[in-house]
Number of protein chains: 2
Amino acid sequence: MKRPTIADIAREAGVSKGAVSYALNGQPGVSDQTRRRIIAIAHRLGFQASTAARALAGARAKVIGLTLHRPPRTLGVEPFFMELISGLEAELSTQSYALLLQMVPDHHEEIAYYRRWWTERRVDGMLVCDLRTHDARIRALKELAIPAAVIGPPGELPSVWSDDAVSMVEAVEYLASLGHTRIARIAGLPDLAHTAIRTESFLKACPQGIVVATDYTAESGARATRRVLNTHDRPTALIYDNDIMAVAGVAVAYEAGLSIPDDLSIIAWDDSPICSLVHPALTALTRDIGAYGTHAARLLLDLINGAEARSRSEQPAHLVFRDSTGRCRVTP
Amino acid sequence: MKRPTIADIAREAGVSKGAVSYALNGQPGVSDQTRRRIIAIAHRLGFQASTAARALAGARAKVIGLTLHRPPRTLGVEPFFMELISGLEAELSTQSYALLLQMVPDHHEEIAYYRRWWTERRVDGMLVCDLRTHDARIRALKELAIPAAVIGPPGELPSVWSDDAVSMVEAVEYLASLGHTRIARIAGLPDLAHTAIRTESFLKACPQGIVVATDYTAESGARATRRVLNTHDRPTALIYDNDIMAVAGVAVAYEAGLSIPDDLSIIAWDDSPICSLVHPALTALTRDIGAYGTHAARLLLDLINGAEARSRSEQPAHLVFRDSTGRCRVTP
DNA sequence: CCCAGGCGCTGAACCGTGTAAGTATGAGGA
DNA sequence: TCCTCATACTTACACGGTTCAGCGCCTGGG
């Protein structure tokens, strides 16, 4: 039981292979009547074009690529990726695109994959994650003229992201409304583009704020928390760049004899089941990560199909109020 | 700057394309001297064979496929997949294999992908996850004669898994050694093969034990916990099938006025950062999920290369002792 | 000396699709 | 009537590998 090819369809329809190709790809060159007949036959035979042959002939590979730079230390951001991939697939599968995934040790290798996959026509476009402030990958993609979309802050390439500055202001203003004036930000990896944006926004909304960099792990989150809690004018509220660190921070606060939210308020950026499960349940900045994926996929596919594709701004992360934030009880 | 093809190498070396193909693939048909010369030239030109052309000509596609059946409700098992994929890639990338990933709504669609990818030579083999007790995919894979490896309990296809029965016995015996006699198991999805195995082992080690089925979500875990804690002879220890449910269970226990571990001991199956971050830190059955991926990939690649490939037994999950388990204080 | 047979290589076909170039057909205008 | 021109196709080749049949050459045995 071999799969049908365009040759089979051509024989059945009494036309040439070329005509079949034109008909199935919506190209001019066949009459509407013939086209309909060919499409009907293709459908009846359950025809699916071979992507290998397609790619070889220089057409669409029907695959988009995603390379992830994942040092073992950033395990904490994992839920983000599964949600993202899930959202990506939701869009890709409707257009029968597949996702080619590759873990890479560094940016250098990542760019090598871009080049290899692209020259081999193995992918029609690339998605870029974990955008850095000065990201070598962007230049590589532009040089190679690979259709690409960024899942991250807007820049030279079309992107899908939300305005983190707005969310940061929301968080700071909320804390301010509770009477907090001494706020610290436990930030993520400092060379990630969105980390810089959040920090800038934080310092603008709260000029006297403290910022400590981490690598997203629970350990570094705990260490950063200890550091800021040991200062003279210890902050009364903390904003963490992920949920893992926020939970670790809660433990450190308890250890220091502080009660939450009475002595210390805590906000986590990115909500996850953990935030609502721990005690106290964490107030968090939540956002629809799946939507990032879906929209990034749509953006990239538009780009591949030659359509106009502009960066897209997602709904900013917004606060979900739980039990880890409360009125400031500390008098200055 | 086009990528080099075997034709370029052939011209450079003054031989035919066929000779180059033989030389690069380690096939007989060229002298050792010529082979070395050709390989040297290929290396100098930075030659990388086009997988599309390869696949079209009926050879290896250098891709293995993974389809994930992911109803939105089983979000809780996500960390498993990222670790697994990470482990897979570790092995695949050394052999320059890529991973083709597809989310599917159901088994029916999943099998359709098997058929499509295989007849199209888009993949050289498939990995199977989330094995069910009677899994239609296994038959489909055998019928299509697709090289495949299962990440799950051993069965008809070569598999990579650990003996969950052993781990379950370890957990039950540990609880028994602490004096617990009334133990409940908050199980995962009942039609998953490993769930059945764990339940069977649990009931064998603890015949008077209670088993409650869930769908892995925090909500169903909480509900199951409430149910077993409301029984007449309420259990003094609970074993959860994932970490999310265990954490949710802790909250339910607190809500019921129970203290952990004094009134109730809790064990989570599968360790994750959450387990060590919550209060009290959870005693957990930990295992190296990345190793599952690495070994499954190796198994599948062996299979694809025609080597003998037998199922592989991983190190069973073993207990990590934390603060959620303690001596039974309840007198019968 | 002759012939079998293995070695090392060439040439060509083939995989399934896309597409440029060429060809028949018919309509329409001068 | 003849020429143009668009339409609707066909033909042929390209894409980059794999593979099979075949061919010359060398070696060794009878």
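Everything quoted here is computed from the prediction, not taken from an experiment. Proteins get letters first, then strands, A, B, ... in listed order; numbering begins at 1 in each.
- B:D8 places its CG atom 13 Å from the C1' atom of D:dC15, with the value rounded to the nearest Å.
- The side chain of B:S21 lies closest to D:dT19, out of D:dT11, D:dT19, C:dG16.
- Put simply, CD1 on B:I9 is 8 Å from P on D:dG17, counting in whole angstrom units.
- Here the nucleotide nearest the side chain of B:K17, chosen from D:dG17, C:dG11, C:dT17, is D:dG17.
- Residue contacts for A:A59: at a heavy-atom cut-off of 4.0 Å it reaches the sugar-phosphate backbone alone, with no base atom in range.
- A salt bridge does not link A:E156 to A:R139: none of the charged side-chain nitrogens sits closer than 4.0 Å to a carboxylate oxygen.
- A side-chain donor from one of A:T67 and A:E110 sits under 3.5 Å from a side-chain acceptor of the other.
- Protein atom CG of A:D124 is 16 Å distant from nucleotide atom P of C:dT17, rounded to whole Å.
- Rounded to a whole Å, the CZ atom of B:F47 is 10 Å from the P atom of D:dG16.
- Legend: ring pair (Phe, Tyr, Trp, His ring centres under 6.0 Å) pairs involving residues 114-139 of chain A, not counting sequence neighbours, sorted by first then second residue: A:Y113-A:W117.
- Less than 4.0 Å separates DNA chain D from at least one heavy atom of each of the following residues of residues 50-58 of chain A: A:L56, A:A57.
- Between the side chains of B:Y292 and B:R287, a donor-acceptor pair is found at a separation under 3.5 Å.
- Rounded to a whole Å, the NZ atom of A:K62 is 15 Å from the C1' atom of C:dG18.
- A salt bridge is defined here as a Lys NZ or Arg NE, NH1 or NH2 lying under 4.0 Å from an Asp or Glu carboxylate O, and B:E314 with B:R312 meets this definition.
- The phosphate of D:dT19 (OP1 or OP2) has a side-chain N or O of B:Q27 nearer than 4.0 angstrom.
- When heavy atoms are screened at a 4.0 angstrom cut-off, B:V20 is found touching no nucleic acid atom at all.
- Counting atom types as modelled, B:Y22 pairs no side-chain N or O with a base atom of C:dC7 as donor and acceptor under 3.5 Å.
- A:R121 places its CZ atom 15 Å from the P atom of D:dA14, with the value rounded to the nearest Å.
- Distance CD1/A:I138 to CG/A:L157: 4.5 Å, rounded to 0.5 Å.
- In this structure, A:R35 atom CZ and D:dT7 atom P are separated by 13 Å, rounded to whole Å.
- Annotation for A:L189 and A:T195: closest pair O-OG1, 2.9 Å, computed over non-hydrogen atoms.
- Side-chain atoms of A:I6 lie closest to C:dT17 of the nucleotides C:dT17, C:dA21, D:dT18.
- Nucleic acid contact class of B:S31 (heavy atoms, under 4.0 Å, all strands): sugar-phosphate only.
- Between A:T34 and D:dA8, a side-chain N or O to OP1/OP2 separation shorter than 4.0 Å is absent.
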